[in-house]
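This report refers to the structure that appears directly beneath it.
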Amino acid sequence: MLSSDGLTRTQFLPLWRDAMWHAPLAERARLVLELGRLTVREEGRAAPLLIAVSEQRDPPLVVMPLAEVPRPAEARLRAAIQEKLARLGASEVYVLVTSFGGQRDGVPAYLLGAWGEAADGDAVAWFMPFRFGPEGLEEATPMVAPDARQTVLARELGGLLVPRH
C-alpha cells in the first residue's frame, strides 16, 4: 500500500504511476488521495485534478489540472470534460478536490476528497480532513465512504463518463 509519507514529489510520482496502473478502482482512488496529501504538504493546498484511465493509450494515465470542479451547475465545463474523456476512451475517471470545511477553534479546516468512477458504474470516494493548526499540518485518518453514490462527491462529480457505443 503506497503512501506519500516521507517522499518528495520526485520520489513519489514514478511509484504512484506504477501503482495506479496495477490497482483496482478503490485503490486507485486512494492513490489519488495520496497524491493530494503530498500536494497539500508541499504546496499548502491541492487544486482540482482529473485523472483519466484509458487502457488503449500509452501511457494509460492522463493527468489534467482543472481550473474549477466540474459541478452540475458548470454545464459547459462538464460537457467539455465528458467530451475529452470520450475522445480519450477513458474507462475510469478520478477527480481530486479540496473543500473548505469551516473553522474549528479559529483554524480553517478542509476536506480533501478523491472521487473515482468506472464506465461500468462502479464508484468510490475517499476523504481526509486536514487543517493547518499551530503545529503545522494536521491530518485526520483517510476514510473510504461505505456507499460512494450517497456522497456529495457523487452528486457533484458522478456521470463524467458518458456511455460509449
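In this chain, numbering begins with 1 at the start of the sequence shown. Atom set for the values below is all heavy atoms of this structure, side chains included, hydrogens, waters and symmetry mates excluded.
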Do any N or O atoms from the side chain of [X] and from the backbone of [Y] form a donor-acceptor pair under 3.5 angstrom?
X: Asp105; Y: Val107; result: no
X: Trp115; Y: Ala154; result: no
X: Gln150; Y: Asp147; result: no

Any side-chain heavy atom of [X] within less than 4.5 Å of one from [Y]?
X: Asp122; Y: Glu117; value: no
X: Met143; Y: Trp126; value: no
X: Leu31; Y: Tyr94; value: no
X: Ser99; Y: Tyr110; value: no
X: Leu112; Y: Leu33; value: yes
X: Leu160; Y: Val95; value: yes
X: Leu137; Y: Phe130; value: yes
X: Arg28; Y: Val53; value: yes

inquiry  = Would Gln56 and Ser91 count as a side-chain contact (heavy atoms from CB on, under 4.5 Å) here? Give the steps.
reply    = CA-CA 10 Å; Gln56 64 265 32; Ser91 59; over 6 Å; no

What closest approach, in Å, do [X] and [Y] show between heavy atoms, and which atom pair accounts for it?
X: Met64; Y: Leu88; result: CE-CD1, 4.2 Å
X: Leu161; Y: Ala118; result: CD1-C, 3.7 Å
X: Thr98; Y: Ala46; result: OG1-O, 2.9 Å
X: Ser54; Y: Gly89; result: OG-O, 3.4 Å
X: Pro108; Y: Phe100; result: CB-CE1, 3.8 Å
X: Phe12; Y: Leu7; result: CD1-CD1, 3.9 Å

query = Which residue, Leu50, Leu157, Leu153, forms the side chain to side chain contact (heavy atoms under 4.5 Å, CB included) with Val69?
reply =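 Exactly one option meets the side chain to side chain contact (heavy atoms under 4.5 Å, CB included) with Val69, and it is Leu157.
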
Over 12 foreign heavy atoms within 6.0 Å of CZ, Arg87 =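 Count over threshold, so yes.
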
ask   = Just wondering, are more than 12 heavy atoms of other shown residues or ligands nearer than 6.0 Å to CZ in Arg45?
value =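 No - once you tally the heavy atoms of other residues, nucleotides and ligands closer than 6.0 Å, there are 12 at most.
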
ask   = Under a 4.0 Å N-O cut-off, is there an ion pair linking Glu27 with Arg30?
value =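 Looking at Arg30 together with Glu27, the answer is yes, because their closest N to O distance falls below 4.0 Å.
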
ask   = Is any side-chain N of the basic residue among Arg78 and Glu83 closer than 4.0 Å to the acidic one's carboxylate O?
value =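 No, this pair does not count.
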
Same hydrophobic cluster for [X] and [Y], using side-chain heavy-atom links shorter than 4.5 Å among ILVMFWY?
X: Leu49; Y: Met20; result: yes
X: Leu77; Y: Ile51; result: no
X: Val32; Y: Leu111; result: no
X: Leu2; Y: Val40; result: yes

inquiry  = Walk me through whether Glu156 and Thr151 qualify under side-chain contact (heavy atoms from CB on, under 4.5 Å).
reply    = CA-CA 9 Å; Glu156 291 187 353; Thr151 65; over 6 Å; no

ask   = Would Glu34 and Arg37 count as a salt bridge (Lys or Arg N to Asp or Glu O under 4.0 Å) if you check the C-alpha gap in whole Å, the side-chain angles of each, and the deciding distance to 0.1 Å?
value = CA-CA 5 Å; Glu34 278 298 316; Arg37 287 185 63 228; 2.9 Å; yes

request  = Would you sort out whether Leu25 and Glu92 count as a side-chain contact (heavy atoms from CB on, under 4.5 Å), showing the intermediate values?
outcome  = CA-CA 8 Å; Leu25 181 77; Glu92 295 175 19; 3.9 Å; yes

ask   = Does the pair Leu66 and Val97 meet the rule for a side-chain contact (heavy atoms from CB on, under 4.5 Å), with working shown?
value = CA-CA 10 Å; Leu66 298 173; Val97 298; over 6 Å; no

Residues Arg9 and Thr39: side-chain donor-acceptor under 3.5 angstrom =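 Yes, a side-chain donor-acceptor pair sits under 3.5 Å.
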
